[in-house]
Amino acid sequence: MLNFVPCSPMRNYLKGLNENQYLAATHMNGPLMIVAGAGSGKTKVLTTRIAHLMAEGVDAFNILALTFTNKAAAEMKERIEHMLGNNEARNLYIGTFHSVFARILRGEAHRLGYPNSFTIYDTDDSRTVIKQVLKEMQLDDKHYKPNTVHSRISQAKNALVGPLEYAQDYYIQQEDMRANKPALAKIYKAYCDRCFKNGAMDFDDLLLKMYELLNTFPEVLHKYQKKFKYILIDEYQDTNPVQYQITKLLAAMYENICVVGDDAQSIYSFRGATIENILQFQKDYDDVQVIKLEQNYRSTRNIISVANSVIQKNIGQIPKQLWTENNDGEKIKLVRTLTDNDEAKFVSNTIQEERLRNHFNNKDFAILYRTNAQSRAFEENLRRMGIPYRIYGGLSFYQRKEIKDFIAYLRVTVNPADEVALERIINYPVRGIGKTTIEKLQTQASNNKTTVWEILQRAGEFGFRAGTLDAINNFVVMIKYFQSLLEDKSAYDVAMQIGKHTNLVKELFSDKTQEGLQRYENIQELLNSIKEWVDTQQDLSQIDEEGTVLEEVDTEIAKNATSLAAYLQQITLLTDADEKDKDGTGDMVKLMTIHAAKGLEFPVVFVGGVEESIFPSGLSINTREELEEERRLFYVAVTRAKQKLWLSYANTRYRFGNIINNEPSRFISEMPDEFIDRSYAGGNSSNFAGNAFERMNRSGFGGYNNATQAEKRYGPPPKKNVLPTQAPKANKIVEHRPSADFVPSDTSTLQEGHKVEHAKFGFGTVQKMEGAAHNRIATVMFENNGEKKIMLNYAKLRIIG
DNA sequence: TAAATGACTTTTTTT
DNA sequence: AAGTCATTTA
């Protein structure tokens, strides 16, 4: 049988790519930066690239792909599986930064003094810890709002500023003094200590501790540097300094790092993300190959034109020349309504109408908004019209009270040091351990420098009343029983036992109110999902045993594949959006925030609440940077739409139970008229409703008849936004050195006198070694390049002898 | 100690 | 509007 390798079905996927996409997907070695415009097929390129690497013989174990949402990761994995037609993709490390690092830390956390079965604290848990800390320090939580304190701490962590550095940094201290919050440094320290004592990491710790791990233990760093020969990062513009440092460390050995980003879509600076990382990337490595993807395949010309005109108001961008071959499509429709409810009604009606008239399905529509609170009105109206919908984000399943309660039991069982979980359940269901007792327990714990759990076990020593002591002992016995199950039972079995013995399920079952019933069902659903998870894990570990060689970490995990600890580890990182559509494929209208919509596309998009103080948010109009980020967010919203786009705003809406009036968003006036259909902007109101700007601009009602007058207000009119329909010249490919076959050695054993080869400088001899284990620097005399100092963390050295 | 009442805050955006 | 938190009442 003839078998042409180049024609093997595995490589068919390369056929549909344009020139630049092809270059990006097949570029094998060296640092690669893909600057991708919206809708330019970057996901396609990323997945193709991974499939191609594997087709070229790279082992799945050696590929690490990092994304920002579980959804993006799952989608990528699925696509690759589909492309390759086998289950090789299973062994890829694809996931969010948080989930991948959590997985690695699960095998390494003990080195940092955490239990390997550490708990992950979500934002709520973090806040609870902060409240506890504030209470102990006797600080006023009105002044030190847990919310604000947490975001300050989070910012510090994301910028790699530890408690010590925070306390010592002059400028930070000045800032805190000015805000009249001098205790922040101490709170930060106490918060970290408390989390550590609880055996818990918060979301930011998953990144920070990963960095500390790599930076402190050279052997760990080398292990993962060697493992991850190819690293891919999606949405690179959203990385923050910790993420940047980690990936820099990991990629230092092979430099096969590929980042994909669009500076125009950077919308996470509140999380510490900085576009600097994109600019820095080109300076960090020699021979960075930059490929631009500038053809938009997604949207109509009108949509892209509007998006481009608006984003041009931002200064300081990476120059890109977007173009498209797509049709003009319909103009963008501007809708004004009287109230937020009318807005929602209009959207529901339009969905109904479009579906009938233009044969769309429910799933072709997305309703996007700036804040989660806006979803309610849409929800009510869709329900009223019997249109099936699904809300992504908002309160996730795992954040519901009854679910959190149940999970708290699971958490205490696995990690009784977890005080947040312990406090949650110690008297739920009521068992006679009241507030006073709990406070006493906590005081004793801090007096004795130990955990509450420890005190509970030795409760007899602390003079509790007989009844209370009984209750405490019963509780301890119960938890210990649960812990005894961990040995040999799966997560599901343990959870079932917990449900039975705590009367949690029974209690909810006897609650016959509507909400009680719902809660009962939620608990059932949780148990079902645990069962489902256990079954899948079992399947996975079985297949793994059939011959595939597993790395150390994975064997560890495979062993406890179905353990409760493993289950808990992943659950905190799940968001609502990750739940698969259980009801078949689900022909439903999708509702989500614009942030959550990034990376997605929909045939028809409605953007609601395009009003001043909502979009841009009233909290983000104080500096140019903030406003530009809101504008990028607007750009993201607009570019989600493939065919049709509606932008709506209401004259009045409810906020905290009060009626407020907002002006139309400034972004509306930034859109060139030629792409806009304002005929809906009359809405329900009379022709004279709306503000002056609105009235003057309404079509057929005058508008500016004096160009200079308009120019005075807006500056010169936007340049005619004519998109090119042809591709600019394709990128040139630069050869990367180190050459493909240069493999650096493990430099942990490097000593004076060693002969080495450097990827770029050639051959040389080690003159001197200095620095601590994790920060070793070699001074090397090169034959042709003179003396160089080389940091071994980033070494591209091969030991010759 | 537990339930009931009333004052008070909250909303950017996410892992 | 709805949830949280503290104070009162049983």
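All values reported here derive from a predicted model rather than from experimental measurement. A note on names: the letters A, B, ... follow the listed sequences, proteins ahead of strands, and every chain is numbered from 1.
One N or O donor and one acceptor, one from the side chain of A:T123 and one from the base of B:dT15, sit under 3.5 Å apart.
Once you apply a 4.0 Å limit to the heavy atoms of chain A, the touched nucleotides of DNA chain C run 5' to 3' over C:dA1 to C:dC5.
Within residues 232-243 of chain A, no residue approaches DNA chain B, by heavy-atom distance under 4.0 Å.
Residue-level contact check: A:F68 touches the backbone only, with heavy atoms under 4.0 Å from sugar-phosphate atoms and none from bases. Among the protein residues, A:K131 comes within range of the sugar-phosphate backbone only, with heavy atoms under 4.0 Å from sugar or phosphate atoms but none that close to a base. Note on A:D202: nothing from the nucleic acid sits closer than 4.0 angstrom, heavy atoms only. Among the protein residues, A:Y268 comes within range of the sugar-phosphate backbone only, with heavy atoms under 4.0 Å from sugar or phosphate atoms but none that close to a base. Heavy atoms of A:D204 sit nowhere under 4.0 angstrom from any nucleic acid atom.
If you take CD1 of A:I660 and C1' of B:dT10, they are 14 Å apart, rounded to a whole angstrom. At whole-Å resolution of the value, CD1 in A:I391 and P in B:dT14 are 13 Å apart. Rounding to whole angstrom units, NZ of residue A:K142 and P of B:dT9 are separated by 7 Å. Rounded to a whole Å, the CD1 atom of A:I426 is 15 Å from the C1' atom of B:dT1. Rounded to whole Å, the distance from CD on A:Q155 to C1' on B:dT13 is 14 Å. In this structure, A:F270 atom CZ and B:dT15 atom P are separated by 9 Å, rounded to whole Å. Atom CZ in A:R655 sits roughly 9 Å away from atom C1' in B:dT10 (whole-Å rounding). Atom-to-atom, CG of A:L66 to P of B:dT14 comes out at 21 Å; the value is rounded to the nearest Å.
Taking A:E402 as the reference, A:R519 meet the salt bridge (Lys or Arg N to Asp or Glu O under 4.0 Å) condition, with sequence neighbours excluded. Residues meeting the ring-ring contact (aromatic ring centres under 6.0 Å, His included) test with A:H595, sequence neighbours left out: A:Y268, A:F270. By the salt bridge (Lys or Arg N to Asp or Glu O under 4.0 Å) test, A:E379 is found to be paired with A:R383, residues two or more places apart in sequence or in another chain being considered.
Proximity note for A:V430 (side chain, C-beta onward) versus B:dA2, B:dT15, B:dT11: the nearest is B:dA2. With distances taken from any side-chain atom of A:T436 to the nucleotides B:dT13, B:dT1, B:dT15, the minimum falls on B:dT1. Nearest to the side-chain atoms of A:N147 among the listed nucleotides B:dT15, B:dT11, B:dT1 stands B:dT11. Looking at the side chain of A:F203, the nearest of the listed nucleotides B:dT13, B:dT10, B:dT15 is B:dT15.
Screening A:Y369, A:Y389, A:W646 against A:F606 for a ring pair (Phe, Tyr, Trp, His ring centres under 6.0 Å) leaves a single residue, A:W646.
Each of A:S99 and A:G432 has a nearest nucleotide on DNA chain B; the 5'-most of these lies closest to A:G432.
For B:dT15, neither phosphate oxygen OP1 nor OP2 lies less than 4.0 angstrom from any side-chain nitrogen or oxygen of A:N158. One finds a side-chain N or O of A:K145 lying less than 4.0 angstrom from the OP1 or OP2 phosphate oxygen of B:dT10. Checking the phosphate oxygens (OP1, OP2) of B:dT1, a side-chain nitrogen or oxygen of A:T437 falls inside 4.0 Å.
Taking the ring centre of A:Y93 as origin, the terminal cationic atom of A:R103 falls inside the region bounded by 6.0 Å and 45° from the ring axis. By the 6.0 Å and 45° rule, A:R390 stacks over the aromatic ring of A:Y392. At least one cation-pi condition fails for A:K590 and A:F602: the charged atom is not both under 6.0 angstrom from the six-membered ring centre and inside a 45 degree cone around its axis.
No side-chain N or O of A:Y635 forms a donor-acceptor pair with one of A:N314 less than 3.5 Å apart. For the 3.5 Å distance criterion, the side chains of A:Q374 and A:T371 qualify, holding a donor opposite an acceptor.
Evaluation of A:F656 against the base of B:dT10 yields a stacking contact (centre distance < 5.5 Å, interplanar angle < 30°).
Pairs engaging residues 231-250 of chain A under the ring-ring contact (aromatic ring centres under 6.0 Å, His included) rule: A:Y236-A:F281 [sequence neighbours left out].
Checked by atom type and distance alone, the side chain of A:N277 pairs as donor or acceptor with a backbone atom of A:T239 at under 3.5 Å.
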